[in-house]
**Q** 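Dropping a structure here in structure tokens format, bear with me for questions.
Proteins get letters first, then strands, A, B, ... in listed order; numbering begins at 1 in each. Being a predicted model, the structure only gives us computed values, none of them experimental.
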Protein chains: 2
Amino acid sequence: MVMSAQPVGSVAGRQWAELLHAIGLRQTTPRLMVLDALSALGHGRVEDIHQAVVERAPAVSLSTVYRQLETLTEHGVVSHTHLLAGTKTYQLVSHADHAHLVCRDCGAVVELDGTIAARFTAEVSGTHGFTVDFGHLSVFGRCAGCAPERAQEAG
Amino acid sequence: MVMSAQPVGSVAGRQWAELLHAIGLRQTTPRLMVLDALSALGHGRVEDIHQAVVERAPAVSLSTVYRQLETLTEHGVVSHTHLLAGTKTYQLVSHADHAHLVCRDCGAVVELDGTIAARFTAEVSGTHGFTVDFGHLSVFGRCAGCAPERAQEAG
DNA sequence: GGGTAGTTGCGAACCGTTGGCAACTACTGC
DNA sequence: GCAGTAGTTGCCAACGGTTCGCAACTACCC
Ligand SMILES: [Mn+2]
Ligand SMILES: [Mn+2]
Ligand SMILES: [Zn+2]
Ligand SMILES: [Zn+2]
């Protein structure tokens with residue numbers, strides 16, 4: 001058997017119909033599920049996305065998830081960044097309007113302040129003529145909680 | 001046969017002797033070659049480093065290069081960043097005092113201006129209490145030359 | 001309701017990286 | 001100098017994430 005057993009467009013899909021039609025991609029169950037998963041997860045690795053998809057459509061293969069992420073990326077609907085070593089973390093481009101700070105020690109991920117991001121972008125553009133790809137930017141380092149114990153009087 | 005045929009410490013090694021002795025690592029040909037390669041290359045992928053090493057010591061295996069980079073990283077002599085998709089780019093920590101701007105279109109890599117970097121670090125620290133790992137930071141985007149044609153009167 | 005091009009599931013292939021192991025050697029202490 | 005020992009290495013198999021090939025299937029247009 002190929003494809004999923006679940007009918008298309010029941011609950012999911014609806015919000016993607018217009019988008020997919022505009023870029024000329026068919027509304028298939030796997031595709032809609034991947035979009036739903038990304039929307040719900042915010043961002044996730046291929047395996048995370050596949051797992052989320054399989055919960056509602058058990059027949060969707062990992063290969064298909066890979067292919068969907070590739071296709072959707074080519075069409076500008078999805079992008080990726082690197083929040084963990086060794087793998088890409090995918091996200092909807094609509095979610096890629098901010099950069100991330102990733103703690104090496106505890107793995108915490110927080111969004112970079114918009115003002116700082118804007119100034120950084122402006123300066124890089126002015127000095128280097130370089131346009132920063134925000135959604136892809138991940139800044140690794142150590143968060144406040146994991147910093148070597150020091151002025152922790154407030155604790 | 002194991003090990004290389006080239007004697008240790010002839011030309012290379014000399015500058016690493018003190019460093020390696022201090023951290024308790026033996027001065028082996030593969031190790032010295034990897035350090036020399038990193039020093040000469042600035043930064044490179046495992047395959048680049050291996051290729052450089054093999055030019056002077058043909059017997060050094062790829063596995064050993066991987067192990068050296070791992071060991072030297074654990075001892076704080078080497079670090080890595082990501083200048084290309086899918087692989088780590090290794091460098092001496094002494095070279096990791098700056099971040100990089102990487103152009104998606106032409107692949108150009110330039111060092112980020114120190115002043116911008118310093119301000120960014122300070123702001124991130126102040127607002128998020130987050131300490132940025134500079135050497136690992138790679139900013140992807142599009143360089144001036146690859147930007148969509150616009151005000152190019154000076155051409 | 002057909003016809004067709006786009007999609008999919010499956011399984012194999014791929015490829016960068018890691019691991020196991022016996023041989024070998026840099027370093028220590030004599 | 002020279003043996004003893006722990007650290008290293010080369011070889012090669014294994015591993016795990018990602019990509020491919022292909023025949024079956026189906027969303028979409030008419
Ligand atoms: Mn986010
Ligand atoms: Mn550099
Ligand atoms: Zn942390
Ligand atoms: Zn460029």
**Q** When the ring centroid of A:His82 is compared with that of A:His136, is the distance short of 6.0 Å?
**A**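 Ring centres of A:His136 and A:His82 closer than 6.0 Å.
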**Q** Nearest to the B:Gln27 side chain among C:dT7, D:dT8, C:dC27, which nucleotide is it?
**A**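 The listed nucleotide nearest to B:Gln27's side chain is C:dC27.
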**Q** Heavy atoms from C-beta onward define the side chain here; which of C:dT28, D:dG10, C:dG6 lies closest to that of B:Val60?
**A**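 Nearest to the side chain of B:Val60 among the choices is D:dG10.
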**Q** Taking N and O atoms by type only, does the side chain of B:Ser63 place a donor or acceptor under 3.5 Å from a partner on the base of C:dG19?
**A**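 Yes, a donor-acceptor pair under 3.5 Å.
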**Q** Given C:dG9, is OP1 or OP2 found less than 4.0 Å from the side-chain N or O atoms of A:Ser61?
**A**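 So the side chain of A:Ser61 is within the cut-off, an N or O lying under 4.0 Å from OP1 or OP2 of C:dG9.
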**Q** Using whole Å, what does the distance between atom C1' of nucleotide D:dG17 and atom CD1 of A:Ile49 come to?
**A**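 Distance, rounded to whole Å: 14 Å.
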**Q** Using atom CG of B:Leu20 as one end and atom C1' of C:dT28 as the other, report the distance to the nearest whole Å.
**A**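 The answer, rounded to whole Å, is 17 Å.
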**Q** Select base, sugar-phosphate, or nothing to describe what B:His50 touches, counting heavy atoms under 4.0 Å on all strands.
**A**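 Here B:His50 touches no strand at all.
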**Q** Give the rounded distance in Å between these two atoms: CZ of A:Arg26 and P of D:dA27.
**A**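 In whole Å, D:dA27 P and A:Arg26 CZ are 9 Å from each other.
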**Q** Can you sort out which residues in residues 66-91 of chain B have a heavy atom within less than 4.0 Å of DNA chain D? Ascending by number, please.
**A**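 Residues of residues 66-91 of chain B that come under 4.0 Å of DNA chain D are, in numerical order, B:Arg67, B:Gln68.
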**Q** Please report the closest heavy-atom contact between B:Cys103 and B:Cys143, naming both atoms and the distance.
**A**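 Smallest heavy-atom distance, with atoms named: SG-N, 3.4 Å.
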**Q** Let me spell it out: for each of B:Leu62 and B:His21, pick the nucleotide of DNA chain C with the closest heavy atom. Which residue's pick is nearer the 5' end?
**A**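 The 5'-side residue here is B:Leu62.
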**Q** What closest approach, in Å, do A:Gly44 and A:Ile49 show between heavy atoms, and which atom pair accounts for it?
**A**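 Taking A:Gly44 first and A:Ile49 second, the nearest heavy atoms are O-CD1, 3.5 Å.
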**Q** Might you confirm whether atom CD of B:Glu123 has over 12 heavy atoms from other residues, nucleotides or ligands at distances under 6.0 Å?
**A**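 Enclosed: over 12 neighbouring heavy atoms sit under 6.0 Å from CD of B:Glu123.
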**Q** For A:Leu25 and C:dA5, give me the distance from atom CG to atom P, rounded to whole Å.
**A**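 So the two atoms are 17 Å apart, to the nearest Å.
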**Q** Under a single-linkage definition using a 4.5 Å side-chain heavy-atom cutoff for Ile, Leu, Val, Met, Phe, Trp and Tyr, are A:Val139 and B:Val102 assigned to the same hydrophobic cluster?
**A**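 Per the 4.5 Å side-chain linkage, A:Val139 and B:Val102 are not co-clustered.
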**Q** Just to confirm, is there a sub-4.0 Å distance from OP1 or OP2 of D:dA27 to any side-chain nitrogen or oxygen of A:Thr28?
**A**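 No, outside the criterion.
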**Q** Please work out whether the ring planes of A:His95 and A:His100 are parallel, tilted or perpendicular, with thresholds of 30° and 60°.
**A**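 Rings of A:His95 and A:His100: parallel, as their planes differ by under 30°.
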**Q** Do A:Leu92 and A:Val78 have side chains that approach each other closer than 4.5 Å (heavy atoms only, starting at C-beta)?
**A**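 A:Leu92 vs A:Val78: side chains touch.
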